[in-house]
Amino acid sequence: MFTATTIAILLTMSLAIARMCIGPTIYDRVLAVNMFGTKTVLLIAVLGYLIGRPDFLDIALVYALINFIGTIAVLKFLRYGGFGDTHEMDTQDVDDKSNLSDGGPQ
Amino acid sequence: MIHAASLALALAAVWLLLSGHTDFLLLGLGAASVFGVVLIALRMDVVDHEGQPVHMGLRLIAYYPWLGWEIIKANWDVARQIIDPKLPISPTLTSIKSTQRTELGQVMFANSITLTPGTVSVRVLPGEILVHALSKNGADDLVTGRMDRRVSAIEGPEPDSDIGKEPG
Amino acid sequence: MTEAVNTLLLLFMCVTALTIVRQHNLFAVVMLGSVFSLLSAGMFVLLDAVDVAFTEAAVGAGISTILMLGVLSLTNSRERITFSTPIFPIVLVMLAGSVLIFSALGMPEFGAADAPIHGHVADRYIEKSGAEVGLPNIVTSILASYRGFDTLGEVTVIFTAGIGVMVLLGLRRRTAQDGSVEELPLPGEGNMRHHSVLRVTAKLLIPFIMLFALYVQFHGDFGPGGGFQAGVIFAAAFILYGLVFGIKNAVAVVPEGVTRFLIAAGVLLYAGVGVASLLMGGNYLDYSVLAHEPTHGQHLGILLIEFGVGTTVAAVMITLFFSFARRTRKKT
Amino acid sequence: MEVANSIIVWASLLTGSLFAVIGGIGVLRLPDVYTRLHGAGITDTMGAGLILFGLAVHEGFTLITVKLVLIFIFLIITSPASSNAVANAAHSSGLRPMLDSDLKNKASSNSGARS
């Protein structure tokens, strides 16, 4: 039954890869990569059982967390063109009314 | 202070569960790690009612099974729509009113919306959340405010609102 | 079954690689690169190379993607398309490829017991490391004890990389410091703090990420993990903080002087353990003399040097990220 | 007991796999990035949840189960945050979601072109 699950996860991963390759927008790709990452978490967890070494779960845990941070980094980059940056900032952002008064640590 | 204590407790529990070693050395290292992490977290200013929602207490625990059931129902619904050859979707963008008094409550509401397949919160604004729904039914279900009231209820009797204020 | 999964993963890797070649948007290339990394880590898991998979997960898929994005923010995110016919490169690649394939024919069968690599020290590591070093994870014994010199070299490489990036990207800072532009609160700095969903999620997660990093750090003796992975995960927590709360706040949490100090301190701790073992009458980096019983000494030495590795790696990664993030701000 | 246990494991692993694949199909089939998020949401909630649950039941009460639970909690916390971040970024970049009316128009113009 782990075999069946592995196959299903691999199938889902291939669907995500397909979405990533065709795009069309960059957000589709981000979405696909993010989904691919969570499927990798599952794949590693299941593979651990398939080959009888469930201590792989630490790796799955690392993936889960790295995947999240990577997605956030990608989106921040997309929006601001850099990580601590201001250029290319969109002006129509409604929930950023107070950003002019922002700055410095509390 | 209560937030720091709850963080330390949670961290210690996670360490013990991850580690599973109970010899003196690793317990000592664990204690040192928890202490160090709490110190850095305090310096980062991430230890507050938002990171450690202790004031919600048991109400939080009661909420999640309900949410889980909602998620299962919604999953079923969306899965049926996806595998239907006709793809009977009717995507809508709706503004949903949120009655939570704190930003934390609003975030929980927004995340509950996103976790339920068929609805994704796009933008969180003061007092409302812009939601993209896969079908009209999903959007209508949110408009009734069922979930909104549930989340508002777990916020508890906290008088001060921080919606629209400078986040800390 | 594992062969089938392996083949599928290889197939995915080929598809990803081909898409990377055909893609002109460098941003998409970076993301596809991270997928490639995830796939290769999956292969390492199947090959039972837990520690390698762990490193690939933490470094290949996570940090290098973020650093590549940092590089992209300094350049153009579209590849310059040249219209010359690439005959010479194609011939060169074909030649190199056929040489590689030809030499691969001479390699031993996959998993063959009489492969040269198994003929030297591997047996000794497997049979004796339990008695000599006393750690359940043989990989850690090899990395930290038998090949302590090698690992010291690796840490020095990371140290040098950190210094290199500081020199290349950090120089402009000093000249801008007396200018008033630096002090102005730039609009949009730390903008994601207003993104309440991300802010709350980050607040919730960051302490646990750091704790997990320390768990990986101190349990390298028993399972996969160790200083390199732990350092990267710890840095990832800071990078998340910097992304959501702004670089300025992140620098305020760990001042630059401290990270700079820690970059050197980790290497010094590692080398210092070696000196200590010299002074106590052993060879350089021979931890057996550090305590009364050899295995205790080994344990203590490995714990200390792994901590040194973790410190340096974390500090270098944080410095790299901050250098890139800062540099982009200067450009405006 | 043993039998009941393995039935639960089987059922949840297979249902989880099924939901994961359906979500994947959704990501490929749905018309724009906002709707695709719903497909990805399925794989992250039902797919991941049931598969991890199945593995946990298979394992019983050990420290490994704890790690599975931690992975699940982690996914449940991060998945909505990243979905929301993707949607938010797409929306603030000015990408308009394809709404019901657009789909109907497109369908009618397509059929019109074909006939």
Side-chain angles (χ1 to χ4, degrees), chain B residues 10 13-22 51 64 67-68 70-94 106-125 129-136 138-139, chain D residues 15 18-47 49-50 62-67 69-70 73 75-92 96-104 107:
Chain B
V14 169
W15 175 278
L16 286 177
L17 290 171
L18 279 173
S19 159
H21 288 274
T22 46
Y64 277 98
L67 181 66
E70 290 294 309
I71 290 174
I72 292 172
K73 281 193 294 188
N75 259 299
W76 183 248
D77 233 37
V78 176
R80 253 197 351 230
Q81 288 176 42
I82 288 175
I83 48 175
D84 192 311
K86 286 201 296 279
L87 204 64
I89 56 167
S90 45
T92 38
L93 202 61
T94 341
Q106 214 190 2
V107 167
M108 286 183 59
F109 183 37
N111 276 355
S112 305
I113 291 173
T114 315
L115 266 178
T116 323
T119 48
V120 170
S121 53
V122 175
R123 169 159 286 170
V124 180
L125 300 164
I129 296 175
L130 194 62
V131 173
H132 182 274
L134 187 59
S135 66
K136 288 244 155 57
Chain D
T15 331
L18 195 69
F19 271 102
V21 174
I22 290 175
I25 293 172
V27 168
L28 209 58
R29 212 181 152 202
L30 291 167
D32 75 338
V33 64
Y34 298 96
T35 47
R36 282 170 203 144
L37 277 172
H38 303 303
I42 288 193
T43 68
D44 282 351
T45 53
M46 268 305 240
L50 279 176
T62 63
L63 283 178
I64 286 173
T65 312
V66 171
K67 282 187 188 167
V69 172
L70 281 181
I73 293 176
L75 283 181
I76 282 297
I77 292 174
T78 56
S79 139
S82 41
S83 292
N84 175 264
V86 171
N88 197 341
H91 189 259
S92 36
R96 228 171 56 81
M98 203 178 270
L99 297 182
D100 197 19
S101 47
D102 305 324
L103 282 180
K104 297 243 163 70

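To find a chain, count down the sequence lines: A is the first, B the second, and so on, and within it residues start at 1.
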> How far apart are the closest heavy atoms of D:A87 and B:S121, and which atoms are they?
CB-O, 4.2 Å
> Could you check if a side-chain atom of D:L30 sits within less than 4.5 angstrom of a side-chain atom of B:L87, using non-hydrogen atoms only?
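Sidechains of B:L87 and D:L30: in contact.
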> Quick one, D:L70 and B:L18 - any side-chain contact, counting heavy atoms below 4.5 Å?
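Sidechains of B:L18 and D:L70: in contact.
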> For the side-chain contact (heavy atoms from CB on, under 4.5 Å) test, which of B:V120, B:I113, B:N111 pairs with D:P80?
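Checked B:V120, B:I113, B:N111 against D:P80; only one passes side-chain contact (heavy atoms from CB on, under 4.5 Å): B:N111.
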> B:T116 versus chain D, heavy atoms under 4.5 Å apart: side chain, backbone, both or neither?
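Neither part; nothing is under 4.5 Å.
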> To the nearest 0.5 angstrom, please state how far the CG atom of B:N75 sits from the NE2 atom of D:H38.
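Reported to 0.5 Å precision, the distance equals 12.5 Å.
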> Looking at CG of D:D44 and OG1 of B:T114, how far apart are the two atoms once the value is rounded to the nearest 0.5 Å?
11.5 Å
> Can you say whether B:A74 sits under 4.5 Å from chain D via the side chain, the backbone, both, or neither, judging by heavy atoms?
neither
> Most heavy-atom pairs under 4.5 angstrom with chain B, which of D:I42, D:V66, D:I25, D:L63?
D:I42
> Side chain, backbone, both or neither: which part of D:F19 has an atom under 4.5 Å from a heavy atom of chain B?
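For D:F19, the contact with chain B is made by the side chain alone.
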> If you count heavy-atom pairs within less than 4.5 Å of chain B, which of D:K67, D:M46, D:R29 leads?
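If we count pairs closer than 4.5 Å to chain B, D:R29 comes out on top.
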> Working to the nearest 0.5 angstrom, can you tell me the gap between D:T35 OG1 and B:Q81 CD?
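These two atoms lie 11.0 Å from each other.
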> Heavy-atom pairs under 4.5 Å with chain D - which of B:S112, B:G68, B:S19, B:G118 has more of them than the others?
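Between B:S112, B:G68, B:S19, B:G118, the count favours B:G118.
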> Between B:I71 and chain D, with a heavy-atom cut-off of 4.5 Å, which part of the residue counts as in contact: side chain, backbone, both or neither?
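The side chain, not the backbone.
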> Could you tell me if the side chain of D:P31 sits less than 4.5 Å from the side chain of B:I89, heavy atoms only?
yes
